[in-house]
Q: 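Below: one structure in structure tokens.
What you see is a predicted model, and the numbers here were worked out from it, not measured in a lab. One is the number of the first residue; the rest follow in order along the sequence. Read the numbers this way: they start at 1 and go in the same order the structure lists the ligands and their atoms.
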Amino acid sequence: MQTKFIFVTGGVMSGLGKGVVTSSIAKLLQLSNQKVSCVKIDPYLNYDAGTMNPIAHGEVFVTNDGGECDMDIGNYERFLNQNLTKNHNITTAQIYSTVIEAERRGEYLGACVQIIPHVTDEIKRRIRKIAEDEKLDVLVVECGGTVGDIESLPFLEALRQMRLEDGQHNVLFVHVTLAPSLDVVGEQKTKPTQHSVQELRRIGIQPDLIAVRCSTPLLESTKKKISMFTNVTTKDVFSCHDVKSIFMVPQILYDQGIVETIFTKFGKIGLVNTSTNWDMWNSIIKSFENAKGDVKIAMVGKYVTLADSYVSVNHALKHAGAKIGKAVSIDWIDSENINGNTEQLAKFDGILVPGGFGNRGAEGIIATANFAREKNIPYLGICFGFQLAAVAFGRHVCDLKDANSTELDANTANPVVDLLPEQKTISNMGGSLRLGAHEIIIKSNTLAHRTYNSDKVMRRHRHRYEINTKYLDVFEKNGMVFSAESDNSKRMEMLEIPSHRFYFGVQFHPEFNSRPGFPEESFEAFIKAASSA
Ligand code: GLN
């Protein structure tokens, strides 16, 4: 069976929503009973997203197999409700490392190693391997960056070669561009699209479909003009106008006939009736539209200046709200601005502290965790928010005045949070944290057990520090229960305070498992607690 490939490129500028177009096309094919998956190519030179600043680049998304990936992988997982592995995020550094290692082993037999064919071959090999290993009907590959960037050239060249090798019935190119309107009258400008398609054709790629971002639906006359200048028929120019939620994008593309177009171009015979798939998808979208009220959540974290740095947490809160019919509003508060003024948090229905690294703003988080405990406000602490909730409890309840994490004070007399033993000798920053899905054992008769309704759960991790088990006794004596653990009780995975309305911390990252229609359990329990004043 030959897998069909759809390659999505981007023109004009970044941030047009190429990832949403990619996910939406994949979703539509999945709804049409195709076995699909997505790949993200990131042409930058980092090996993976693990060492990148979330404020500049957005969240680092962790896969089950411990990949530290671009946040688009999270979008694909949420749209498709499907787990992906780390090989679905390809970067320049991964390609070059493989080629250089092969060269050092002498595998090129004295040949001069070049971008074409050695680098392009490695790119094609990786893409084809995913298609084969997963026996896919269709693989949708998004090439990051904008056409014309130096970094993306070898990737576009490899994709061009694949079209030549596999034939036009097996490979389609979708180009995402922008049609800006400069005034309220709103003439839709086509020049940026014309130029970016010219650039794409200059490097040998003629797009089959064009998806045009615009604020209002693309006019027929604009489609015609784009068609004329880009050599793409009018019906293959698709309007991607602004909609209330990204989950509505599949429908607007469907309404313009994109599924039929793709099936026809691929020479697939006949679309099957997939109304049950659509009913399920539509009922999920409806649950978001019907969510009412306003559950006010304060998200107190370190990287709040860019909404994308906690994108999975934001989504998970909304998934949880929609499931129980509640709309959730999120206020992002920089933990550095807490400055002892925790009273600003009193007006919220729930407080969430997400993951983070390093000293800046950490005292604000400790004060926040303490405030939520004292005021009986539902609290969900994730990773850093779990560790610092333990620090706050150590200081304010267990009377360990200088309790701290050794991440924040290496010489503290009471290291209630300390380095994992295997982390003590590590010097490399990249890929060296405790990563990926690990099994967690949950104690019965706890909030954790009621929340997960199970003795065991697999969740994804990304941390270097953990609860110091020497302090377990004193914590438990004072009313904090560690309700889940892993690795034969070596590591603590969840904490709770039974006397509190809802005080819950998790060492792992529940947000990466949350999907529209299927919120992760801890988020659902948190939003339930927050909405029942
Ligand atoms: N900085 C903490 C650690 O390394 C928490 C990490 C996180 O929140 N992802 O363990």
Q: Looking at Arg491, is its backbone amide N or carbonyl O close enough to the side chain of Glu466 to form a donor-acceptor pair, meaning the two atoms are under 3.5 Å apart?
A: no
Q: Go through Arg434 and His463 one step at a time and tell me if the side chain to side chain donor-acceptor pair (under 3.5 Å) criterion holds.
A: CA-CA 5 Å; Arg434 177 177 182 238; His463 64 123; 3.1 Å; yes
Q: If we ignore hydrogens and angles and just use 3.5 Å, is the side chain of Thr92 paired with the main-chain N or O of Pro43 as donor and acceptor?
A: yes
Q: Might you list the protein residues in contact with ligand 1, defined as having a heavy atom under 4.0 Å from one of its atoms, sorted by chain and number?
A: Gly355, Gly356, Phe357, Cys383, Phe384, Gln387, Glu407, Arg462, His463, Arg464, Tyr465, His509
Q: Counting only N and O atoms by type, is there a donor-acceptor contact under 3.5 Å from the side chain of Glu407 to the main-chain atoms of Gly358?
A: yes
Q: Would you say the side chain of Thr368 lies within less than 4.5 Å of the side chain of Ile351, judging by non-hydrogen atoms?
A: yes
Q: Do you see a donor-acceptor pair shorter than 3.5 Å between the side chains of Thr412 and Asn414?
A: no
